[in-house]
Engineer: 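First, the structure itself, so that you have it in front of you.
Quick note on labels: first sequence line is chain A, next is B, and so on, each numbered from 1.
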Number of protein chains: 2
Amino acid sequence: MNINTATRTPGRPREFEIEAALDKAIVVFSERGYHAASISELKDAMGLAAGSLYKAFKDKKAIFLASFDRYKQVRNALLEQQLAEGENGRDKVSRMLRFYAEASHGDNGRRGCLVVGTAIELAVYDADAAERVDRSMARSEALFDSLIREGQADGSIPQAIDPAATARLLLSVTQGLRVLGKTGPNRDRAFSVVDTAMKLLD
Amino acid sequence: MNINTATRTPGRPREFEIEAALDKAIVVFSERGYHAASISELKDAMGLAAGSLYKAFKDKKAIFLASFDRYKQVRNALLEQQLAEGENGRDKVSRMLRFYAEASHGDNGRRGCLVVGTAIELAVYDADAAERVDRSMARSEALFDSLIREGQADGSIPQAIDPAATARLLLSVTQGLRVLGKTGPNRDRAFSVVDTAMKLLD
DNA sequence: CCTATTAGGGAACGATCGTTTCCAAATTAA
DNA sequence: TTAATTTGGAAACGATCGTTCCCTAATAGG
C-alpha cells in the first residue's frame with residue numbers, strides 16, 4: 001500500500017520526472033529548432049525510449065509545446081526574481097533589459113530563445129504555436145509598460161515618456177538582442193545596447 | 001548558329017531563368033523556413049522537375065544559399081533606393097528604420113526575413129549560413145553608423161550621440177521588428193516603434 | 001489471489017525526405 | 001552528319017522521419 005494512494009493512478013508508475021525530461025528537450029529544441037530536432041535526438045537527450053516518450057506525449061508537437069510552456073515558466077520565475085530586487089521603476093526596466101542581454105551572448109545566446117525560434121519557425125502555420133508566441137510577447141510588452149508607469153509614479157522616469165510606445169520599442173530591442181545573440185556577439189556589445197536603450201528613459 | 005555564340009556553352013540550353021526561380025524559392029524558404037521547405041515544395045514553386053533542380057544546384061543547401069544571396073541583393077537595392085532620396089543623415093536613418101517597419105507587418109511580415117530565419121534556424125551549426133548572417137548584420141550596423149555620422153556632419157543629428165552604440169541599438173530594433181512581424185502586428189504598431197527609436201537622435 | 005491498467009523499451013511500419021539515375025531532347029563544335 | 005555535352009523530366013533509391021505495436025514489468029483495486 002502507498003502513502004500517496006489518493007494521487008496515484010492504476011498501472012505502472014512513471015520512472016522519470018516529466019519536468020527534468022523537458023529541461024533536456026528545451027536544450028535540443030532551442031539549439032536545433034523544431035524541425036531539425038528529431039525524435040531520435042530528443043529521446044537520447046531525455047534518456048527515454050521512443051515508446052515511453054509517446055506514452056507521456058501525444059506527438060512531437062506536444063513535446064514541443066510542453067517544452068515551450070516549461071521554458072516560459074522557468075524564465076518568468078527567473079525574471080520575476082530579478083525584478084523583485086529592483087529599487088524603483090527605472091531600475092526594474094534596466095534589470096529586465098539586462099536579463100535579456102545576459103541571455104543573448106555566449107553559449108546561452110547561441111542556444112537561443114524558444115519564443116523567438118517558435119515565432120520564426122512555427123507561428124506562421126501553427127495556431128497553437130502562434131497563440132503562445134503572441135501571449136508571451138503581449139506579456140513582456142505589458143510588463144515593460146507597467147514598469148515604466150511604476151517609474152513615473154516613483155519619480156525615477158520622466159512623465160514625458162510615452163509608456164505604451166516605449167514598451168513596444170523595448171520589446172523590439174529584447175527580441176532583436178536574441179536574434180543577434182545567435183551568432184554570438186560578446187557580452188559588452190549586448191550590454192551596450194541596454195545602456196543606449198536606457199537613454200530613452202532620461 | 002547563334003548570335004550569342006561567345007557566351008553560349010555546349011549542350012542543351014537551360015529553359016528557365018535562375019533568378020526568377022530563386023525569387024520563387026525565397027518565398028518558400030521565408031515562410032516555411034529551411035527544414036520545413038521540402039524539395040517537393042521548392043520544385044513545385046519554382047516550376048522545375050527534381051532532376052533539373054539538381055542540375056542547376058548542387059544540393060538543397062546550395063539552393064538555399066543562392067536564395068539568400070539573391071534576397072540580400074534585392075533587398076539591398078531597394079534600401080539604397082530609399083536612402084538615395086533622403087535629405088540628410090537623420091532622414092536617412094528614419095528611412096532605413098521605416099524600410100524595416102514596412103517589411104514587418106501584414107503579409108510581408110508574416111513571410112518574414114531570410115536573414116533572421118537563417119540566424120535562428122541555421123547559423124548555429126552551419127558555417128556558411130553563419131558567415132552570411134554575420135556579414136549581413138555587420139553591414140547593417142555599419143550603415144546605421146555611417147548614416148548617424150553623416151547626420152552629425154550635416155547638423156541633423158546632435159554631436160552628443162554615440163554613433164557606434166546607437167547603431168548597435170538600431171540594429172537590434174530592426175531585427176526585433178522582424179521577429180514581432182511574424183505574428184503580424186498591424187502597421188501602426190510597427191511604425192510607432194520607429195517614431196520612438198528616432199527620439200534617440202534628438 | 002486475479003484483473004485492469006499503465007509504463008519501459010525495442011522492433012517494425014509507412015511516409016516522406018534529399019538525391020541519383022536514366023533516357024529523350026536540344027544545343028555546340030567539328 | 002556525327003560526337004560531345006547539357007537540360008528536362010520522371011522514376012527509383014536508400015536513409016531517416018515520426019509513429020505504432022508488442023511484449024514484459026510494475027502498480028491499484030477488488
Engineer: Do B:Arg98 and B:Ser94 meet the criterion of a side-chain donor-acceptor pair at a distance under 3.5 Å?
Structural biologist: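 The criterion, which ignores hydrogens and geometry beyond distance, is satisfied for B:Ser94 and B:Arg98.
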Engineer: Would you mind reading off the distance between A:His35 atom NE2 and C:dG18 atom P, rounded to a whole angstrom?
Structural biologist: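 Nearest whole value for this atom pair: 11 Å.
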Engineer: In whole Å, I'd like the distance from the CG atom of A:Leu53 to the P atom of C:dG8.
Structural biologist: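 So the CG-P distance, A:Leu53 to C:dG8, works out to 10 Å.
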Engineer: May I ask you to verify if any side-chain N or O of A:Tyr54 is less than 4.0 angstrom from the OP1 or OP2 atom of D:dT19?
Structural biologist: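 Yes.
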Engineer: More than 12 heavy atoms of other residues, nucleotides or ligands under 6.0 Å from CD of A:Glu87: yes or no?
Structural biologist: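 Incorrect, the count does not exceed 12.
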Engineer: Look at all strands and tell whether B:Ala37 reaches a base, only sugar-phosphate, or nothing, counting heavy atoms closer than 4.0 Å.
Structural biologist: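 It contacts sugar-phosphate atoms only.
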Engineer: Take the protein atom NZ of B:Lys43 and the nucleotide atom P of C:dT16, then report the distance between them rounded to whole Å.
Structural biologist: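 Atom-to-atom, B:Lys43 to C:dT16, this comes out as 13 Å.
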Engineer: Would you say NZ of A:Lys58 has more than 12 non-hydrogen atoms from neighbouring residues, nucleotides or ligands within 6.0 angstrom?
Structural biologist: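 No.
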Engineer: Let me know, please, whether B:Lys61 or A:Gly11 comes out on the 5' side of the other along DNA chain C by nearest nucleotide.
Structural biologist: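 Its nucleotide being nearer the 5' end, the pick is A:Gly11.
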Engineer: Between D:dT19, C:dT28, C:dC17, spot the one nearest the side chain of B:Pro10, thanks.
Structural biologist: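 Nearest to the side-chain atoms of B:Pro10, counting from C-beta on, is C:dT28.
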Engineer: Using atom CZ of B:Phe16 as one end and atom P of D:dT6 as the other, report the distance to the nearest whole Å.
Structural biologist: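 Interatomic distance, CZ of B:Phe16 to P of D:dT6: 15 Å.
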Engineer: Just checking A:Ser52: base, sugar-phosphate only, or nothing, at a heavy-atom cut-off of under 4.0 Å?
Structural biologist: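 The residue A:Ser52 makes base contact.
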Engineer: Using the side-chain heavy atoms of B:Ile39, tell me which of these nucleotides is nearest: D:dG18, C:dG8, C:dT19.
Structural biologist: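 Looking only at heavy atoms from C-beta outward on B:Ile39, the closest nucleotide is C:dT19.
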Engineer: Taking only residues two or more places apart in sequence or in another chain, which ones pass ring-ring contact (aromatic ring centres under 6.0 Å, His included) with A:Phe64?
Structural biologist: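 Testing A:Phe64 for ring-ring contact (aromatic ring centres under 6.0 Å, His included), a comparison that skips the adjacent residues, returns A:Phe29, A:Tyr34.
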Engineer: Select from A:Ser38 and B:Ala56 the residue whose nearest nucleotide in DNA chain D is closer to the 5' end of that strand.
Structural biologist: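 First, find each residue's nearest nucleotide; the 5'-ward one identifies B:Ala56.
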Engineer: Counting only heavy atoms not in B:Lys24, do more than 12 sit closer than 6.0 Å to its NZ atom?
Structural biologist: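 No.
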Engineer: Once you round it to whole Å, what is the distance between P of C:dT6 and CZ of A:Arg14?
Structural biologist: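 That distance rounds to 11 Å.
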Engineer: Which residue, A:Lys60 or B:Gly47, contacts DNA chain D at a nucleotide closer to its 5' end, judged by nearest heavy atom?
Structural biologist: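 The residue mapped nearer the 5' terminus is B:Gly47.
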Engineer: Does any donor-acceptor pair link the side chain of B:Arg12 with the base of C:dA25 at a separation under 3.5 Å?
Structural biologist: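 Indeed, a donor on one side and an acceptor on the other fall under 3.5 Å apart.
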Engineer: B:Ala36 near the nucleic acid: base, sugar-phosphate alone, or nothing, with a heavy-atom cut-off under 4.0 Å?
Structural biologist: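 No contact at all - B:Ala36 keeps every heavy atom at 4.0 Å or more from the nucleic acid.
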Engineer: From CG of B:Asp44 over to P of C:dC17, roughly how many Å is that when rounded to an integer?
Structural biologist: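 After rounding, the gap between these two atoms is 11 Å.
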Engineer: What's the CZ-P distance between B:Phe57 and C:dG18, to the nearest Å?
Structural biologist: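 The answer, rounded to whole Å, is 15 Å.
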Engineer: Tell me if the side-chain of B:Lys55 makes a donor-acceptor pair with the base of D:dG9, cut-off 3.5 Å, by modelled atom types.
Structural biologist: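 Such a pair is found, so the answer is yes.
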Engineer: Rounded to the nearest angstrom, tell me the gap between atom CD in B:Glu15 and atom P in D:dT6.
Structural biologist: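 In whole Å, D:dT6 P and B:Glu15 CD are 16 Å from each other.
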Engineer: Nearest to the side chain of B:Pro13 - C:dT27, D:dT27, C:dC17?
Structural biologist: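 The closest nucleotide is C:dT27.
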